[in-house]
Amino acid sequence: MKRITIAEAAQHVGETVQIAGWLYNLRRSGKIIFPIVRDGTGIMQCVAIKTELPEPVFESLRRLTQESSLIVTGTVRAEQRAPGGYELDVKDAQIIQRVPESDPYPITPKPHGIDFLLDHRHLWIRSRRQHAILRIRHQVVRSIRNYLDDHGFTLVDTPIFTPAACEGTTTLFEVPYFDEGKVYLTQSGQLYNEATAMAFGKVYCFGPTFRAERSKTRRHLTEFWMVEPEMAYATLEDVKQLAEDLIVSVIRDVLTHRRQELETLERDISKLEAIDKPFPRLTYDEAIEILHRKGSQIVWGDDFGGTDETLLSEEFDRPVMVDRFPAKIKAFYFQPDPEQPDRVLGVDILAPEGYGEIVGGGQRIHDLDLLLKRLDEYGLPREAFDWYIDLRKYGTVPHAGFGLGIERFVAWICGVDHVRETIAFPRMLYRTRP
RNA sequence: UCCUCGGUAGCUCAAUGGGUAGAGCAUCCGGCUGUUAACCGGAGGGUUGCAGGUUCGAGUCCUGCCCGAGGAGCCA
């Protein structure tokens, strides 16, 4: 007997096949019942008729409990009344495990609260919405990698354990490390990317990053994934063009390959279809002007708060790029703007619809003396950066790159209001289980 | 860390001014040959987050604690 997936059903109309999955829901109407089966690739309604099945088979299905595992044999039929467009006329069914009614599956097809759902995240990911979001996430990751691989970038992943004082901030998770004392979970692969870029030209790293901030908002996780491309012989403008081209490319891919999932999420697809190059470009000063006009209390020289980011992004129907920030609100390694030395060649990209900063990056300092000066100004110990300083001694060149936060990007594409739904097992301030 | 809100059946919620804790869903039993979060009838299911206080009487008022959510700060 041929085993197919639900996603393949359209190619097997009229054939008798097997589907291996789980009972998503069951509707009963006397001598006809509708077991709804999911198999990971999709959801399909089956039809079992009492008079056409052996009694034990019909009875085992009629009394089946939600999320019991089963293998159904039946004939595929196109059916307009069925949610997916195809139905399976059941000929036989083998129950692999029957969920006992004494301990039924906790997530019912009715509303639940967020606390309950997050406590049952290991089961919640079976639900239609969560399933759609995670499939879109996979498409986003795949598209990013395809894009970078196709544009001459080499994947060189960077370490997750990093030494003390790596970036001179206090927001790192500490980990005991043998006799060395402590190491820290990385909050960015960027410094290492600068080393690999000098070895490979165009590189990227893709992995989890960690922030020990007590942030409790819809845009924050303590563990999140970033893709960080870095390019030798590159400028701020190169970074801006790469970022907008990458973002547009990924969105096109999702619209092509994951349209059904976007529909499941009831995403306003026209808003994604409107995303195209070029993205609007503002300087920090122009952004401040817009914010003041819109009533923000932000003071020149401050970084944008979440509310400011939302106010700014409302002005545009596509991501907006803001560059030339005051040097003192950015990290030590940003290259100054030659025309305004108190500004740096850094850029943030804010997603539309209030999803906040999805990209941060820019051009790095390539001059040895300037880097040493900046380290001193920021109070960072030179000895912790010895290898990083080396990069400016041995064939230094202008270089630039950025980091793109996967969860915020996926949240925007999916139109979900919290990044916790865009990763299988979110790690947040008050939540580390399951 | 701060502000706000919340914790009552497995789940989502209700319970007049302090007076016998209730509904829907889920589960079980029964009915129904096209259901779409099916529907109809019935049954079982409670230490009201924890500890203390006020009161004849507390889910309800007071104090402390625990847990969570929304937001702020923070987020090179």
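Here is how names work: the chains are called A, B, and so on, in the same order as the sequence lines, proteins then strands, and each is numbered from 1.
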Whole-Å [atom1] distance, [N] and [M]:
N	M	atom1	result
U20(B)	C39(B)	C1'	34 Å
C61(B)	G30(B)	C1'	47 Å
A23(B)	A43(B)	C1'	16 Å
G45(B)	G22(B)	C1'	13 Å
U8(B)	U47(B)	C1'	12 Å
G53(B)	A14(B)	C1'	28 Å
G59(B)	A15(B)	P	15 Å
C25(B)	G18(B)	P	33 Å

Please give the nucleotide sitting opposite [N] as a Watson-Crick or G-U wobble pair, both distances under 3.5 Å, or none.
N	answer
U20(B)	none
A43(B)	U27(B)
A69(B)	U4(B)
U54(B)	none

Would you indicate what [X] reaches in the nucleic acid, counting non-hydrogen atoms under 4.0 angstrom: base, sugar-phosphate, or nothing?
X	value
Asp103(A)	nothing
His120(A)	nothing
Lys216(A)	base
Phe34(A)	base
Pro106(A)	nothing
Ile49(A)	base
Arg63(A)	sugar-phosphate
Arg62(A)	nothing
Arg219(A)	nothing
Lys330(A)	sugar-phosphate
Gln45(A)	base
Phe304(A)	base

Over 60° means perpendicular and under 30° means parallel, so tell me whether [X] and [Y] are parallel, tilted or perpendicular.
X	Y	result
Phe161(A)	Tyr177(A)	perpendicular
Phe116(A)	His120(A)	tilted
Tyr192(A)	Trp387(A)	parallel

Does [X] get its side chain close enough to the base of [N], under 3.5 Å, for a donor-acceptor pair?
X	N	result
Thr108(A)	C25(B)	no
Thr51(A)	U33(B)	yes
Ser188(A)	A76(B)	yes

In this structure, how many angstroms lie between the [atom2] atom of [N] and the [atom1] atom of [X], rounded?
X	N	atom1	atom2	value
Tyr430(A)	G70(B)	OH	P	12 Å
His220(A)	G70(B)	NE2	P	13 Å
Arg211(A)	A76(B)	CZ	C1'	8 Å
Ile36(A)	U35(B)	CD1	P	13 Å
Glu213(A)	C75(B)	CD	P	7 Å
Asp119(A)	G68(B)	CG	P	9 Å
Ile298(A)	G73(B)	CD1	C1'	14 Å
Glu309(A)	G73(B)	CD	P	10 Å

First encountered from the 5' end of RNA chain B, between Lys31(A) and Ser102(A):
Ser102(A)

Between Val47(A) and Lys328(A), which has a closest nucleotide on RNA chain B that is more 5'?
Val47(A)

Does a side-chain N-to-carboxylate-O contact under 4.0 Å join [X] and [Y]?
X	Y	value
Glu407(A)	Arg427(A)	no
Arg126(A)	Glu67(A)	yes
Arg281(A)	Glu244(A)	yes

Establish, with yes or no, whether the OP1 or OP2 oxygen of [N] is under 4.0 angstrom from a side-chain nitrogen or oxygen of [X].
X	N	answer
Thr307(A)	A72(B)	yes
Arg27(A)	C32(B)	no
Arg420(A)	A69(B)	no

Crowding at CD, Glu266(A) (>12 non-hydrogen neighbours, <6.0 Å):
no

Heavy atoms from C-beta onward define the side chain here; which of [options] lies closest to that of [X]?
X	options	value
Arg431(A)	A72(B), U12(B), A69(B)	A69(B)
Arg98(A)	G34(B), C28(B), A37(B)	C28(B)
Glu101(A)	G34(B), C32(B), C28(B)	C28(B)
Thr65(A)	G73(B), C28(B), A37(B)	C28(B)
Ala331(A)	G34(B), A69(B), A76(B)	A76(B)

May I ask you to check whether Lys91(A) and Thr75(A) show a side-chain donor-acceptor distance below 3.5 Å?
yes

Atom pair CZ (Arg128(A)) and OH (Tyr24(A)), whose distance is rounded to the nearest 0.5 Å
4.5 Å

